Structures are given as structure tokens and as C-alpha cells.
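Indexing begins at 1, ligand by ligand and atom by atom, following the structure's order. Everything numeric here is computed off the predicted structure, so don't read it as measured data.
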Amino acid sequence: MEMTRREGLAAVLALATTACSGNYSSPVNSVGTASAIDSLHKLAKAKGMRFGSAVGAGHSGSGSFRNTGYASLLKRDCGILVAENEMKWQSLRPDPLSFNFAPFDEILAFAEKNNMAMRGHTLMWHRPQWQPSWLEAYDFGTNPATEAARLLTTHITTVTDRYRGRILSYDVVNETVMEDSTLAQTAISRAIGGTEALVDLAFQTARAQLPDAQLVYNDYMSWEPGNEKHRAGVLKLLEGFRARGVPVDALGIQSHIRIDTYDPSTGTGPRQEREWRKFLDEVVAMNYDILITEFDVNDQALPGDISARDRSVADYAKAYFEVMLDYPQLKDVLAWGMCDSYSWLQEFKPLRTDGLAKRACPYSADFAPKPLHSKLAAALQTASAR
Ligand code: G3I
């Protein structure tokens, strides 16, 4: 199998680390001993919260539970996990009839063995490019609405039946609001008669299956300038759910925060704190809980120097968490990966113009905790109990 750019980078960084420390297999490193590093979940738990991360089921050189170094980070810091890819239709549904549960089941077994909860991501990622190609090309026949509803409800009931009692929170729908605030359209939404009909049915089906689970709408609208229309579209969708009586419990705020422009006066990047608080106020006023579901920091515009960059990333995250933790409705914080080398951001364009790897996660490529880890720990320590 050909190596992806991310895997290649991880391999190079791993070799460099082995050369430097001779201790690649252990997460114990030059910065601190394992026992000296705060467990983020332990700190979160003391406040009635949970901390967690995405994990994969890939090979031992990726952000997988099979990677012993990565698994050590998860065991130290996480009380809850989410599969980075293995519950998506793209992975679960090779064709209209079958389900490929094996990779997700392996992750769930790892979580349960280590007393970690798991979130379900996602029962419907509603963007055409993230549907399986067979679904975008599907022939819905002479009664397209009936066939679309059958496909959707079969998927949701099969998955939720299988994991009943083991997964208590699902991203039922992911990213159906476009950045211009309109709703995404796909083959299945057109067949069923519109996006609202599709997402409403997804939540209604999930609720009928799981009366007590947390049902989440998950999206990436954020606090940087440029997100105004996306935020407005998400508020409109959430208002619509309430007006139509659709059973949605929480907004998943992905929190892929990013420094697109370097602002030397703050050492980080621009953000719209006042507008972001107003957005969050409106969400909680509609009686939605909030979660941080996919946290990382895209440092794409920061100057290259590593220690200054790590400080800026940590400061930017600290400012973000100061706002987020003000909301008692926030109880779960999940990072989208714990370690820089396996982050999806290493492949996400634009790449850094200096060609350096992004430093987006709490741990560096050699599993050393970075300033971001300490700032997250400090933020959780000062958070009010919920
Ligand atoms: O599994 C295949 C492998 O067999 C093949 O050799 C390889 C060739 O490129 O591709 C592998 O699949 C890739 C998969 O990641 C597993 O590595 C897909 O091409 C790639 O598109 C997929 O990217 C994921 C992306 O979602 C799309 O599903 C990223 O890892 C994942 O981090 C990203 O996560 C999303 C959240 O689900 C939703 N919010 C945004 C977030 C970041 O984009």
C-alpha cells in the first residue's frame, strides 16, 4: 500500500525521534516523565466533564489504537474516544446492502477495555463529496422518497441497534450547512424531497431507536472572521429544529480553530470573540447543550520557529477555551487527534508555505507534551464545576 504524505511525514519524524532520544516506543520523553504529565481527562472529570480524542483503526504507524505510543497518550489523557473515520458511511457501507463493522468494532473494544466511553461519528455526513460514491450514483427507482427514507432509516437502525447501550452520544448529522448558509444537497436529499426532510428523519429515527441518547448536530462554523454566514446558517437550522419539534439535544462545535493570518500584535490570529459569544448565547438560549467534538489548531500562518509557534498555538487555544468553558452546557471536549504527526491537517490545504509540519495537537511527533497540553490542563483546572 502506498504511503500517504501524512504517513511519510510520521515515518520521517519517528526516525528523527529515534535518532535523538532512542526512545520512540515510549511516550516518556525529555520534557517530563509519564507520571509528571497531567491527565486531561482526570482534570476534566474533577469538573464534571470529560476529555477525549479521535482515534483510528489503521496500522501501527498512524493515529491508531494499534500504535502503542499513541495508545499510551489516549490512556493517559482520554475518558472518551471517537472514531476518526470508521463509523462514516464511506467506511461502514461498501455497497447498498452490506455493513463493514470490523474496524469500528476493534476501536470500541479498545475503548471498553480501557474504561473509555465512545461517541458515534457520524450517521449522516451530508456533503456529496463525503458520501460513498455508490450512494451519489444510486438509482432511487420510481418512488425515490420511499427508497431514500428506507436507505437512511435502515442505516441508522442497524448501527444504533448494534451499539445500543454502548454508544450514548451520536453526531446524527454532520455538516449539512454550507459556508454561505444554505443547506447542502446530495443525491439522497434530492430523492427524499429536500435537505430538511432528510435531516429531520435522521434525528427522528435516532430518537425512536435511542430515547435516552444524546443526539448532536455537528459542524465546523468557528470564531474566525469569514464564518459569519456559516454561523447564521447553523442558527437557522437549529431554530428550524425547535420550530418543527425535531429531537436534537446538542450542537457539536468541531473547533478546528485556525490562524489564517498572523497578527504580530497578539502573536496569534484574528478572532471575533464578541460575535462568537453571541452565537453561543443564541445556541444555549434555544436549550441546546454544546460539545467540543474535533479540537485542533491550524497554525498555517504562524512564523516557523517552533518554540514561538507552540506558544502562539497554546495562547490562541487558551483564549478559545476561556470563552468556551464559560458555558456550563459544555461537558465534553474531544481533540481531533492527540499527536501532530498523525493529524489530518498535515494534508489539508493550504499547507504551510515553509513546508514545515503543522503543530496542531497537544503532543509533538515524539509524543512530548507541548505548551498546548499545559494550557488545556490549566484551562480545565480553572473551569467551574458542572
Ligand atoms: O482508507 C483509505 C486507504 O485505504 C487508502 O489507501 C488511502 C489513500 O488516500 O485513503 C484512505 O482513506 C482516507 C481516510 O481518511 C483514512 O485515512 C481518505 O482518503 C481520506 O479522505 C480520509 O480523510 C478523513 C476525512 O475526514 C474524510 O473522511 C480524515 O482522516 C478525517 O480526519 C476527516 O475528519 C473530518 C470529520 O470527520 C468531520 N469534520 C472535519 C474533519 C476534518 O476534515
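Aromatic ring centres of Trp223 and Tyr320: separated by under 6.0 Å. In this structure, Phe99 has its ring center no closer than 6.0 Å to that of Trp89.
Each of the atoms 21 (O), 27 (C) of ligand 1 lies under 4.0 Å from some heavy atom of Trp130. Set against the non-hydrogen atoms of Asn174, the atoms of ligand 1 under 4.0 Å away are 38 (C). Which parts of ligand 1 touch His121 is read off a 4.0 Å heavy-atom cut-off, strictly below it: atoms 36 (C), 37 (O), 38 (C). Residue His256 approaches ligand 1 through these ligand atoms, each under 4.0 Å from one of its heavy atoms: 40 (C), 41 (C). Remark: ligand 1 atoms within the under-4.0 Å shell around heavy atoms of Glu175 are 38 (C), 39 (N), 40 (C).
For Trp336, every heavy-atom contact with ligand 1 shorter than 4.0 Å involves the side chain, none the backbone.
Classification of Asp340 and Lys370 as a salt-bridged pair holds, one side-chain N sitting under 4.0 Å from a carboxylate O. Contact check on Asp77 versus Lys42 returns no salt bridge, with no Lys/Arg side-chain nitrogen under 4.0 Å from an Asp/Glu carboxylate oxygen.
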Go through the steps for Gln272 and Lys278 under the test side chain to side chain contact (heavy atoms under 4.5 Å, CB included), then give the verdict. CA-CA 10 Å; Gln272 298 175 326; Lys278 187 166 174 287; over 6 Å; no
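Heavy atoms only, all atoms of each residue included: Glu294 and His256 are closest at OE1-NE2, 2.7 Å.
Among Asn218, Asn85, Asp171, the residue whose heavy atom lies closest to atom 23 (O) of ligand 1 is Asn85. Remark: among candidates Trp89, Trp344, Tyr342, Trp125, the nearest residue to atom 35 (C) of ligand 1 is Trp125, based on non-hydrogen atoms. Heavy-atom proximity to atom 25 (C) of ligand 1, evaluated over Gln129, Arg127, Lys88, Met87, is greatest for Lys88.
Under the rule for a side-chain contact (heavy atoms from CB on, under 4.5 Å), the partners of Pro94 that lie at least two apart in sequence or sit in another chain are Ser98, Asn100.
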